[in-house]
Amino acid sequence: QVQLVESGGGLVQAGGSLRLSCAASGLTFSRYVMGWFRQAPGKEREFVAARSASGGNTAYADSVKGRFTISRDNGKNTVYLQMNSLNPEDTAVYYCAADRKIVVSRAYETYDYWGRGTQVTVSS
């Protein structure tokens with residue numbers, strides 16, 4: 001059974017930083033593209049960042065480029081999202097997702113497995 005478990009969310013002031021983690025089990029982690037998505041209240045789920053199985057290719061939403069960094073440790077079956085210079089518009093539930101296809105995708109429909117999410121709240 002595949003499980004993706006996010007952690008590291010919380011309340012932070014604008015300008016602060018958080019690091020999210022997602023621990024995966026039940027799948028061959030090194031063969032999956034790993035992505036982060038987020039969903040704010042009343043809004044659709046949106047792509048944040050993704051990293052290829054080997055870690056060589058990344059993609060970021062324009063809104064987070066230069067502030068967020070996605071990384072992965074295939075030895076620990078874990079993907080991370082380092083979030084810096086946070087602002088209130090980053091407030092959302094952040095979800096980790098795994099995609100067995102090779103190409104890094106920004107479309108949530110292509111991802112096969114999802115975590116339950118972790119809340120990030122940025123106060124002004």
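Just so it is clear, the model here is predicted, and its values are computed rather than measured. Numbers here simply count residues along the sequence, with the first being 1.
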Atom pair [atom1] ([X]) and [atom2] ([Y]), whose distance is rounded to the nearest 0.5 Å:
X	Y	atom1	atom2	value
Asn77	Ser25	CG	OG	8.0 Å
Tyr95	Leu20	OH	CG	13.0 Å
Trp36	Ile70	CH2	CD1	8.0 Å
Met34	Ser71	CE	OG	11.5 Å
Glu109	Asp99	CD	CG	11.0 Å
Thr121	Leu18	OG1	CG	9.5 Å

**Contact list for residues 40-59, test salt bridge (Lys or Arg N to Asp or Glu O under 4.0 Å), sequence neighbours left out** = Arg38-Glu46
Donor-acceptor pair, distance only, cut-off 3.5 Å: does the side chain of [X] make one with the backbone of [Y]?
X	Y	value
Arg67	Ser63	yes
Thr78	Lys76	yes
Thr28	Ser30	no
Gln13	Ser123	no

Nearest atoms (heavy-atom pairs only) where [X] meets [Y]:
X	Y	result
Pro88	Ser124	CG-CB, 3.8 Å
Leu4	Ala24	CD2-CB, 3.4 Å
Tyr111	Gly35	CE2-N, 3.9 Å
Ala59	Val104	CB-CG1, 3.9 Å
Thr110	Ser105	OG1-OG, 3.0 Å
Val2	Gly26	CG2-O, 3.4 Å

**Request:** Would you please test Tyr80 and Asp73 for side chain to side chain contact (heavy atoms under 4.5 Å, CB included) and show each step?
**Result:** CA-CA 8 Å; Tyr80 305 96; Asp73 186 335; 4.2 Å; yes
**Request:** Give the C-alpha distance, both sets of side-chain angles, the deciding distance and a yes or no for side chain to side chain contact (heavy atoms under 4.5 Å, CB included) between Tyr60 and Val48.
**Result:** CA-CA 6 Å; Tyr60 294 94; Val48 175; over 6 Å; no
**Request:** Report yes or no: is the cationic atom of Arg72 (NZ for Lys, CZ for Arg) under 6.0 Å from the centre of the six-membered ring of Phe29, at an angle within 45° of the ring normal?
**Result:** yes
**Asked** Is any side-chain heavy atom of Ser17 closer than 4.5 Å to a side-chain heavy atom of Gln82?
**Response** yes
**Request:** Check whether any side-chain heavy atom of Val64 sits under 4.5 Å from a side-chain heavy atom of Phe47, and report yes or no.
**Result:** no
**Prompt:** Stepwise, does the side chain to side chain contact (heavy atoms under 4.5 Å, CB included) test hold for Met83 with Tyr94?
**Reply:** CA-CA 11 Å; Met83 306 186 295; Tyr94 283 71; 3.8 Å; yes
**Exercise: do Tyr113 and Arg100 side chains pair donor with acceptor under 3.5 Å** = yes
**Prompt:** Run the side chain to side chain contact (heavy atoms under 4.5 Å, CB included) check on Cys96 and Val79 step by step: do they pass?
**Reply:** CA-CA 8 Å; Cys96 168; Val79 61; 3.8 Å; yes
**Single-linkage hydrophobic cluster, 4.5 Å side-chain cutoff, Val93 and Val12 together** = no
**Asked** What about the rings of Phe37 and Trp114, do their centers lie closer together than 6.0 Å?
**Response** yes
**Request:** Please check if atom CG in Leu11 has more than 12 non-hydrogen atoms from other residues, nucleotides or ligands closer than 6.0 Å.
**Result:** yes
